[in-house]
Amino acid sequence: MRKKIVAGNWKMNLTLEEGLSLSKAIAEFAKTNPLDKLNGSPKVIMFTPFIHLVSVTESTKGINQLETGAQNCYIEEKGAFTGEISAKMIQSAGVKNVLVGHSERRAYFGETNEVLAKKVEIALANNINPMYCCGEVLDERNAGNHFNVVKEQLEKGLFWLSEEEFAKVVIAYEPVWAIGTGVTASPEQAQEMHAYIRSLVKDKYNENIAENTTILYGGSCNAKNASELFANPDVDGGLIGGASLKAEDFGAIIQAY
Ligand code: PGA
């Protein structure tokens, strides 16, 4: 059975104090509402800014199914790369996950599928689970090219992995036109793309691996629309931006299965 996941992507938001107060509220929520007892038994991941990660990870200790993640990592193990953070450093802080290929990294920092493949590789080599993001921009959807775009992102970024490696990856489908815009993909649009992604995994690997791959939806997912998105058979949860910054909203999404 594939794991359901609700992940919060804080992006470049919240001071350390604000971040800690949010993570404490979420930890409190998970203590009062044990995640493994909730509908869907979701794992919850907070992808925080690097500077928050150690403290936030500390606040999740001993809480079942509550984890942290970094929003990025560098492609090299160590060395003279001023300002970068390695997968090994992330791992050494007790962090289990890393976002790879968020559309903002692709758009603003020029990260290509080839670079992202290296990030996936170094994350796995350091025992960190990559959450690999894919998704088309509006022009690509309007041109009917969205399936091809996502296919190429997956083929180049992920489909060179062994079965064993691929099993550690979570996929997040985030149509770029839905991110931070308040325009959500309809449940039908989300389901259609998720089913397509699962079919690609099946063709590349096998049915068993495809059935066990967690595929999250991201893009203006919130407390109001999460239930109808998560109700789709191939939507296993969400990667949440704006709505992950308020404990109450995020808590409601965690309970949306
Ligand atoms: P959003 O962001 O929920 O604010 O649209 C999602 C994301 O970028 O991961």
Side-chain angles (χ1 to χ4, degrees), residues 2-14 19 22-23 25-26 29-30 33 35 38-48 65-69 71 97-107 130-138 140-141 146 149-150 153 169-198 213-257:
R2 56 188 179 256
K3 191 72 194 151
K4 306 230 184 268
I5 297 177
V6 176
N9 176 10
W10 296 6
K11 309 193 180 186
M12 198 176 74
N13 292 299
L14 307 177
L22 174 59
S23 73
I26 292 164
F29 171 90
N33 308 275
L35 300 173
L38 293 180
N39 278 347
S41 179
K43 184 201 278 192
V44 172
I45 307 173
M46 294 179 278
F47 287 95
T48 85
Q65 302 193 168
L66 181 60
E67 295 180 3
T68 54
Q71 296 173 14
N97 307 278
V98 65
L99 278 183
V100 178
H102 189 279
S103 67
E104 288 148 20
R105 302 285 327 162
R106 292 178 187 263
M131 184 177 287
Y132 184 82
C133 306
C134 58
E136 78 287 356
V137 300
L138 190 57
E140 290 164 339
R141 177 162 282 262
H146 43 301
V149 168
V150 169
Q153 290 170 336
V169 174
V170 169
I171 295 173
Y173 168 60
E174 298 202 300
V176 182
W177 46 271
I179 295 179
T181 58
V183 181
T184 317
S186 68
E188 295 75 24
Q189 286 172 320
Q191 170 57 26
E192 183 185 38
M193 183 59 88
H194 283 229
Y196 174 68
I197 292 171
R198 206 175 299 288
T213 301
T214 298
I215 308 175
L216 307 182
Y217 168 80
S220 297
C221 182
N222 57 39
K224 288 211 177 81
N225 60 30
S227 287
E228 57 172 4
L229 286 161
F230 295 0
N232 290 287
D234 288 294
V235 179
D236 305 313
L239 177 55
I240 321 294
S244 72
L245 299 174
K246 287 206 186 107
E248 204 181 304
D249 291 351
F250 195 55
I253 297 171
I254 294 168
Q255 295 175 93
Y257 288 98

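Numbering of residues begins at 1 and proceeds along the displayed sequence. Heavy atoms only: backbone and side chains are in, while hydrogens, waters and symmetry mates are out.
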Would you call Lys224 and Asp249 a salt bridge, using N to O less than 4.0 angstrom?
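The answer is no: the pair does not qualify as a salt bridge.
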Going through the distances and angles, do Asn225 and Thr184 end up as a side chain to side chain donor-acceptor pair (under 3.5 Å)?
CA-CA 8 Å; Asn225 60 30; Thr184 317; 3.1 Å; yes
Work out which heavy atom in [X] is nearest to a heavy atom in [Y]; give both atom names and the distance.
| X | Y | result |
| --- | --- | --- |
| Cys134 | Ile197 | SG-CD1, 4.1 Å |
| Leu216 | Leu239 | CB-N, 4.2 Å |
| Leu22 | Lys246 | CD1-C, 4.1 Å |
| Gly135 | Val176 | O-CG2, 4.0 Å |

For a side chain to side chain donor-acceptor pair (under 3.5 Å) check, start with the C-alpha distance between Gln255 and Asn39, then their side-chain angles and the critical distance, and finish with the verdict.
CA-CA 7 Å; Gln255 295 175 93; Asn39 278 347; over 6 Å; no
Once you round to the nearest 0.5 Å, how far does [atom1] of [X] lie from [atom2] of [Y]?
| X | Y | atom1 | atom2 | result |
| --- | --- | --- | --- | --- |
| Cys133 | Ile171 | SG | CD1 | 10.5 Å |
| Leu138 | Thr181 | CG | OG1 | 9.5 Å |
| Gln71 | Met46 | CD | CE | 12.5 Å |
| Ser220 | Ile179 | OG | CD1 | 8.5 Å |
| Gln65 | Lys43 | CD | NZ | 8.0 Å |
| Arg2 | Asp236 | CZ | CG | 4.5 Å |

For Phe230, what residues pass the ring-ring contact (aromatic ring centres under 6.0 Å, His included) criterion, not counting sequence neighbours?
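Listed in chain order: Tyr257.
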Does the side-chain contact (heavy atoms from CB on, under 4.5 Å) test come out yes or no for Ile215 and Val235, once each step is laid out?
CA-CA 6 Å; Ile215 308 175; Val235 179; over 6 Å; no
Decide yes or no on side-chain contact (heavy atoms from CB on, under 4.5 Å) for Phe250 and Val6, but give the supporting numbers first.
CA-CA 9 Å; Phe250 195 55; Val6 176; 3.6 Å; yes
Do the rings of His194 and Tyr217 sit parallel, tilted or perpendicular, given the 30° and 60° boundaries?
tilted
Going through the distances and angles, do Tyr132 and Val170 end up as a side-chain contact (heavy atoms from CB on, under 4.5 Å)?
CA-CA 6 Å; Tyr132 184 82; Val170 169; over 6 Å; no
Tell me, with the steps shown, if His102 and Met131 meet side-chain contact (heavy atoms from CB on, under 4.5 Å).
CA-CA 9 Å; His102 189 279; Met131 184 177 287; over 6 Å; no
Applying side chain to side chain donor-acceptor pair (under 3.5 Å) to Gln153 and Tyr173, what does each step give before you reach the verdict?
CA-CA 11 Å; Gln153 290 170 336; Tyr173 168 60; over 6 Å; no
